[in-house]
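Notes to accompany the following structure.
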Amino acid sequence: MRIASWNVNSIRTRVDRVVDWMVREDVDVLAMQEIKCKPEQFPIEQFEEAGYELAIHGLNQWNGVAIASRSPIEQVETSFAGMPGFLKGLEGPDQPQEARAIGATVDGVHVWSLYVPNGRSLGDPHYTYKLDWLAALADYTRGQTTARPEVPFALMGDFNIAPFDEDNGDPVVVEGLSTHVSPPERQAFFTLENAGVTDVVRPRVPEGYTYWDYKQLKFPRNEGMRIDFILGSAAFAEAVTSASIHRNERKGVAPSDHVPVLVELALGGDDEDLPMIFG
DNA sequence: ATGACCACAACATGTGGA
C-alpha cells in the first residue's frame with residue numbers, strides 16, 4: 001500500500017495537480033487537508049474517474065479534510081474522542097468543532113487525516129486551542145495504540161509544528177517568539193509521539209521541508225518548514241518499506257504551499273504488487 | 001532551476017494561513 005498526506009490548500013483550485021500526482025505516484029490512499037469546501041462542492045468526479053472513492057469532512061470555506069482511496073473506506077469518523085471546538089469570541093466547552101479530522105479504516109489500516117490548528121500567535125486563544133487539541137489527540141492515540149496494538153494506526157497531516165530547530169528554515173519564524181517552534185508546541189508533539197506513534201518518514205528522509213510560504217521567494221531560497229508528518233503505531237511503522245517527500249510538487253503552475261509526504265507499506269497478506277511464485 | 005502571496009466569500013476588502 002502506498003499511502004500519502006498532503007495539505008492541498010483548496011481542492012477545487014488544485015484537483016488536477018492532486019489527481020495527476022496520485023496516478024503518477026501510484027498512490028492507494030491520500031489524506032488531504034485544507035480542502036476548503038463542503039462535500040457538495042468537492043470535485044468528486046475527477047477522483048472517481050481515476051479510480052478513487054472519497055470520505056469528505058468540510059463545513060465551510062475553512063479547514064476541511066478528506067481521504068481518497070482505491071480500496072473501500074470503512075468506519076468513517078469526523079472527530080476523535082475529546083476533540084475541542086473553537087469559535088472566535090466564544091469561550092468555554094460549548095464551542096463547535098471544526099472540520100480538522102477525519103478517520104477511517106482502509107484495508108485494515110486505521111488512518112487519520114488531521115489539520116492541527118495553526119495557533120496564530122503566542123497568547124492568542126487559538127494557541128491554547130492548538131495545545132488542547134493536541135493533548136486530546138494524544139489521549140485518543142494512547143487509547144487506540146493500547147487497546148488495539150495489532151491494528152496499524154497512523155496520524156497523517158499538517159501538524160503545524162516544526163519539532164526540531166533544523167525543521168525551520170524560515171527566518172521570519174523565530175524560536176521562542178513564533179508559533180510552530182515554541183517549546184509548548186514541541187512538547188505537545190513529543191507527548192503525542194509518547195502516546196504510541198513515531199515519525200515514519202524522518203528516519204528515511206532525514207532532511208527537507210514540506211512547506212514554503214508563498215511570500216518573499218521562500219521556495220527559491222529554500223526557506224521552508226517541516227510540519228507535515230506521518231506518525232505510525234508500531235504495527236504501522238514496522239510495515240513501512242520506504243518514504244519520500246515530494247518537493248517537486250511545490251514547483252510549476254499553481255502549487256499548494258505544502259508538498260505531499262508518502263510511505264509504502266508491506267502489509268501482511270498484501271501481495272497485490274508481488275509476483276506470483278509457483279512450485 | 002523553483003521567482004517576489006494565495007484562497008475564500010463576495011464584489012471591497014476582511015479573514016486566515018504559518
Side-chain angles (χ1 to χ4, degrees), chain A residues 5-18 21 32-43 56 58-66 85-90 95-96 98-100 114-131 133-134 157-186 188-189 207-229 245-261:
Chain A
S5 178
W6 195 355
N7 179 324
V8 298
N9 186 19
S10 172
I11 192 57
R12 287 180 287 177
T13 297
R14 218 77 63 203
V15 59
D16 291 342
R17 275 196 78 132
V18 171
W21 178 80
M32 286 170 270
Q33 302 87 39
E34 283 209 88
I35 62 171
K36 291 188 170 178
C37 67
K38 302 174 185 178
E40 60 267 31
Q41 299 172 307
F42 195 104
I56 302 164
L59 297 171
N60 49 43
Q61 71 270 41
W62 306 120
N63 316 308
V65 284
F86 184 83
L87 187 62
K88 196 174 179 179
L90 185 65
Q95 295 178 92
E98 299 182 300
R100 295 182 176 275
L114 302 171
Y115 180 44
V116 175
N118 170 292
R120 296 182 185 162
S121 62
L122 308 190
D124 192 292
H126 210 262
Y127 181 78
T128 306
Y129 169 50
K130 180 179 192 175
L131 296 177
W133 201 94
L134 288 161
D158 175 358
F159 287 79
N160 273 323
I161 298 170
F164 302 101
D165 289 353
E166 58 266 33
D167 296 334
N168 176 30
D170 187 337
V172 172
V173 179
V174 181
E175 312 285 332
L177 296 177
S178 307
T179 59
H180 298 66
V181 294
S182 74
E185 289 168 86
R186 287 175 167 172
F189 186 85
E207 296 185 5
Y209 305 129
T210 63
Y211 159 85
W212 297 260
D213 198 308
Y214 288 121
K215 289 181 287 191
Q216 299 169 300
L217 289 170
K218 295 291 189 191
F219 184 59
R221 296 176 190 274
N222 196 29
E223 295 176 348
M225 303 182 82
R226 186 194 279 231
I227 56 177
D228 299 271
F229 302 103
I245 297 174
H246 290 244
R247 190 177 185 280
N248 282 346
E249 289 309 305
R250 187 64 177 79
K251 302 178 184 179
V253 178
S256 171
D257 43 2
H258 295 251
V259 296
V261 294

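Below, chains carry the letters A, B, ... as their sequence lines are ordered, and counting in each starts from 1. Basis for what follows: all heavy atoms, side chains included, without hydrogens, waters or symmetry-related copies. For clarity, every value in this text was computed on a predicted model and none was experimentally measured.
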Donor-acceptor pair, side chain of A:Lys218 and main chain of A:Glu223, under 3.5 angstrom: no

Atom CG of A:Leu59 and atom C1' of B:dC8 are separated, to the nearest Å, by 15 Å

Whole Å only: how far is the NZ atom of A:Lys38 from the C1' atom of B:dC8? 12 Å

Distance-only polar pair, side chains of A:Ser256 and A:Glu249, donor-acceptor under 3.5 Å: no

From C-beta outward on A:Asn9, which listed nucleotide comes closest to its side chain: B:dT2, B:dG17, B:dA7? B:dA7

Are a donor atom and an acceptor atom from the side chains of A:Trp212 and A:Asn222 found within less than 3.5 Å of each other? yes

I'd like the C1' distance from B:dC5 over to B:dA18, given in whole Å. 13 Å

Counting only side-chain nitrogens and oxygens, does A:Ser10 get under 4.0 Å of the OP1 or OP2 atom of B:dC6? no

Counting only side-chain N and O atoms of A:Arg250, is one of them less than 4.0 Å from OP1 or OP2 of B:dC5? no

Rounded to the nearest angstrom, tell me the gap between atom CZ in A:Phe189 and atom P in B:dA18. 16 Å

Nearest-nucleotide comparison on DNA chain B, the residue closer to the 5′ end among A:Ile35 and A:Asn7: A:Ile35

Interatomic distance at P, B:dA10 relative to B:dG14, whole Å: 16 Å

Among A:Trp133, A:Tyr115, A:Tyr129, which residue meets the side chain to side chain donor-acceptor pair (under 3.5 Å) test with A:Glu98? A:Tyr129

What is the distance from CH2 of A:Trp62 to P of B:dA18, rounded to the nearest Å? 12 Å

Just to be sure I understand the rule, does A:Lys130 reach a base, reach only the sugar-phosphate, or reach nothing, if contact means heavy atoms closer than 4.0 Å? nothing

What is the distance from NE2 of A:His258 to C1' of B:dA18, rounded to the nearest Å? 8 Å

Selection from B:dA9, B:dC8, B:dG17 that lies nearest to any side-chain heavy atom of A:Lys36: B:dC8

Taking only side-chain N and O atoms of A:Arg14, does any of them lie within less than 4.0 angstrom of OP1 or OP2 on B:dC6? no

Take atom NE2 of A:His126 and atom C1' of B:dT15, then tell me their distance rounded to the nearest Å. 12 Å

Can you identify which nucleotide, out of B:dA18, B:dG17, B:dT2, has its nearest atom closest to the A:Pro220 side chain? B:dT2

Looking only at atom C1', what distance separates B:dT2 and B:dT15, rounded to whole Å? 28 Å

With a 4.0 Å cut-off, would you call A:Arg186 and A:Glu175 a salt bridge? yes

Take the protein atom CD of A:Glu34 and the nucleotide atom C1' of B:dG16, then report the distance between them rounded to whole Å. 8 Å

Over all strands shown, is A:Arg12 touching base, sugar-phosphate only, or nothing at heavy-atom distances under 4.0 angstrom? sugar-phosphate

Within the structure shown, what part of the strands sits under 4.0 Å from A:Asn160 by heavy-atom distance: base, sugar-phosphate, or nothing? sugar-phosphate

Hey, which of these two, A:Tyr115 or A:Gln61, hits DNA chain B nearer its 5' end, going by closest nucleotide? A:Gln61

How many Å lie between CG on A:Asp257 and P on B:dC6, as a whole number? 10 Å

When you compare B:dA7 with B:dA12, how far apart are their C1' atoms, in angstrom units rounded to a whole number? 16 Å

Given B:dC5, B:dA4, B:dG17, the nucleotide with the shortest approach to the side chain of A:Leu217: B:dA4

Check this one for me: any side-chain N or O of A:Thr13 less than 4.0 Å away from OP1 or OP2 of B:dC8? yes

Picking from B:dG17, B:dT2, B:dA7, which would you name as closest to the side chain of A:Arg100? B:dG17

Choosing from B:dA18, B:dT2, B:dG17, which nucleotide comes nearest the side chain of A:His180? B:dA18

Distance-only donor-acceptor check, side chains A:Asn9 and A:Glu34, under 3.5 Å: no

Quiz item: A:Asp213 side-chain donor-acceptor pair to B:dA18 base, under 3.5 Å: no

Do A:Ile161 and A:Leu134 have side-chain heavy atoms sitting under 4.5 Å apart? yes

When all nucleic acid strands are considered with a 4.0 Å heavy-atom cut-off, which category describes A:Asn168: base, sugar-phosphate, or nothing? nothing

Return no unless some side-chain N or O of A:Arg120 is found under 4.0 Å from OP1 or OP2 of B:dG17. yes

Side chain of A:Lys215, heavy atoms from C-beta onward: which of B:dC5, B:dA18, B:dC8 has the nearest atom to it? B:dC5

